[in-house]
Amino acid sequence: MRAVCWHGAEDVRVDTVPDPKILNPRDAILKVTSTAICGSDLHLYDGYIPTMKSGDIMGHEFMGEVVEIGPEVRTLQKGDRVVVPFNISCGNCFFCQRDLWSLCDNSNPNAWMAEKLYGHSPAGLFGYSHLLGGYAGGQAEYVRVPFADVGPIKVPDGLSDEQVLFLSDIFPTGYMAAENCDIQPGEIVAVWGCGPVGQFAIRSAFMLGAERVIAIDRVPERLSLAQAGGAETINYEEFDAGVALKEMTGGRGPDCCIDAVGMEAHGTGPMALYDTVKQAVQLETGRAMVLRQAIVACRKGGKVSVPGVYGGFIDKMPMGSFVNKGLTMRSGQTHVHRYLQPLLERIQQGQIDPSFLITHRLPLEEAPRAYKIFRDKEENCIKVVLKPLAI
Amino acid sequence: MENSISRQIPRETPKDQKAGDLERWASIVGGGAMVLSGLQQRSLRGILMAIAGGGLVYQGTQGNSTVKQVEDAIGLDHAIRVEKTVTINRSAPELYSFWRDLENLPRFMQHLRSVTVLDDRRSHWVANLPLNQTIEWDAVIINDEPNHLIAWASAPNAEIENSGFVRFQPATGNRGTEVKVVMEYQPPGGLLAAAIAKLFGEEPEQQIGDELSRFKQLMEAGEIATVAGQPQGA
């Protein structure tokens, strides 16, 4: 089959590789019908996530048709059309049973690596480094899905791939980011980053009762899309976002601050330069401009939610601000399984059509170019969907 | 500091103090404490055999009193010891039963080729070495407390002398069972040493940790997570 393989920083290629096989009784094999490039794939593309190996198959946002099932999979049949959560979860451990799917104890064969870095291992992920399991991803014609009796959700007739594909990650991720803010009536939510997760966080914040949403970015088409979703916007290259937020919130600061940017933040001023240099020489693994600004901007007693990906260590954490303002911070890889059914229902009821985000539809063979234009925000690229097969 | 104090303990300990020691060890092995931190230079094997009712098996064959065995075991040695605990979302009886059928162990201990149960106490172990070689030994269960603890030791004159125990304790708050494994082995000298080092891994604690993870996966998820055999680009 053909698959998008990582070969090093800024080097992804479409290679011919063997087809996946059933390896465990609870596995299924999917024929992939649609797959997307995630913003977090760009951290791999840029070489910031350790323990990638040359030849690793990428991709954790995908859906397709079941073509083979292992002997223990009784919930799926050949021919079923399913969307698959990006995290791999056994369904039986302490964490899965408490709806904390991204913390599954049993899906990372390389748990010892993650334990060394994080203390404990989170769930294995598709196509996201050997630290997180080394599973082959779904930017391919076929993909093996472990614990297929737990993860995949069947797609009801009448919904297109483009309407449901983002249930695999970014829609639940934006939604959980808003949910982690525990939004109360009248509250104002600030969202840093108007990429795909930021866009879903904006719309989810309104669904969960936010009075106003203020979105921060510098890319005009992303700011426009945020406005289309009902947000007020700040272009941080034109205004100091910290000052603007205070002015726009009566001096109080936003009640809730969402960092939908993560470890490769861009910024202006000396702190941005400091981070860029330190990350370049590997003295820190994340450039944390956004997280710092979110903490300092947040109103006293407010809530900071971090859906953005951080892989290791950051510097100059404004802990004094965090402590003295009595803030609460919540984060985590998304517990996708928890959100599949409720968000599918919102799509069915017409509350949201996630396909609004898609700017590029390309054949899988064009993946190398797709990564580049997405990373460099060329051609007004916001979200790329790849089509593995000529269907 | 603690080390230097314990080294000053006289070899001739009064008898009632030895009895007190055994009680203390019995409670450490059977209780919630970190086991190895208390062990210092004493031998786990000696402690296990001394506190085990099953130690009598050895007493018979070796003609030693169990207390004498503990004494023999005191003193510096080069034993490698590991201790690792994992919580498994299953009941202690379920976990104990699976483990007590020793022939199940190769399902999650990757370095084992086979374990053959000879009788209620004795078993024969075959482990893989590099270059398709194997090493074999007999082991004896020296303490068996159903649903709680299994302790074992290699039989006398085994090529690789080892001992250990696995303990199953209910975790707080219905979180399943805390499974603790404590193991000790004496690396033999010579050519075999390098092969044995490979067998137990360069980091024995990581190896026993991986084995416990696989035990947990098998018991909770019904299968062991793997990526071996999946496609990859050239």
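What you are looking at is a predicted structure, and each value in this text was computed from that prediction instead of being measured. A note on names: the letters A, B, ... follow the listed sequences, proteins ahead of strands, and every chain is numbered from 1.
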K.L.:
How many angstroms lie between atom SG of A:Cys93 and atom NZ of B:Lys216, to the nearest 0.5 angstrom?
P.N.:
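One gets 6.0 Å once the value is rounded to the nearest 0.5 Å.
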K.L.:
Which atom names give the shortest non-hydrogen contact between A:His7 and B:Ala234, and what distance separates them?
P.N.:
CE1-O, 3.1 Å
K.L.:
Tell me, out of A:Cys96, A:Ala136, A:Gly133, A:Ser54, who's got the most heavy-atom pairs with chain B below 4.5 Å.
P.N.:
A:Ala136
K.L.:
Counting heavy-atom pairs under 4.5 Å to chain B, which of A:Asn24, A:Asn110, A:Val17, A:Asn108 comes out on top?
P.N.:
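Winner by heavy-atom pair count: A:Asn24.
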K.L.:
Considering only heavy atoms, which portion of A:Pro20 lies under 4.5 Å from any heavy atom of chain B: side chain, backbone, both, or neither?
P.N.:
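Both backbone and side chain.
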K.L.:
Please find the pair of heavy atoms, one from B:Thr226 and one from A:Tyr135, that lie closest to each other, and give the distance.
P.N.:
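Residues B:Thr226 and A:Tyr135, closest heavy atoms: O-CE2, 3.9 Å.
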K.L.:
Within a radius of less than 6.0 Å around CG of B:Asp119, do more than 12 heavy atoms belonging to other residues, nucleotides or ligands occur?
P.N.:
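Counting other residues, nucleotides and ligands, CG of B:Asp119 exceeds 12 neighbours.
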K.L.:
At under 4.5 Å between heavy atoms, what parts of residues 58-88 of chain A are in contact with chain B? List them by residue number.
P.N.:
none
K.L.:
In Å, rounded to the nearest 0.5 Å, how long is the span from CG of A:Asp27 to CD of B:Gln230?
P.N.:
10.5 Å
K.L.:
Tell me if a side-chain donor or acceptor on B:Arg214 pairs with a main-chain N or O of A:Pro109 at a distance below 3.5 Å.
P.N.:
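Checked: no pair found.
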K.L.:
With no hydrogens and no angle check, just 3.5 Å: does a side-chain donor-acceptor pair link A:Asn106 and B:Glu220?
P.N.:
yes
K.L.:
In terms of heavy-atom proximity below 4.5 Å to chain B, should A:Arg144 be classed as side chain, backbone, both, or neither?
P.N.:
side chain
K.L.:
Give, as side chain, backbone, both or neither, the part of B:Ile88 having an atom under 4.5 angstrom from any heavy atom of chain A.
P.N.:
neither
K.L.:
Could you check A:Val143, A:Thr16, A:Ile57, A:Asp19 and say which one makes a side-chain contact (heavy atoms from CB on, under 4.5 Å) with B:Pro231?
P.N.:
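It is A:Ile57; the other options fail the test.
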K.L.:
Within the side chain of B:Gln206, is there an N or O that forms a donor-acceptor pair under 3.5 Å with the backbone of A:Trp112?
P.N.:
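Judged by distance alone, no pair lies under 3.5 Å.
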K.L.:
Please answer whether the main-chain N or O of B:Gln232 pairs with a side-chain N or O of A:Asp56 as donor and acceptor at a distance below 3.5 Å.
P.N.:
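It does not hold such a pair.
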K.L.:
Just give me the residue among A:Asp105, A:Val150, A:Asp15, A:Val4 that pairs up with chain B most often, heavy atom to heavy atom, under 4.5 Å.
P.N.:
A:Asp105
K.L.:
Using the salt bridge (Lys or Arg N to Asp or Glu O under 4.0 Å) criterion, which residues pair with B:Glu136? Sequence neighbours excluded.
P.N.:
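Checked B:Glu136 against salt bridge (Lys or Arg N to Asp or Glu O under 4.0 Å); zero matches.
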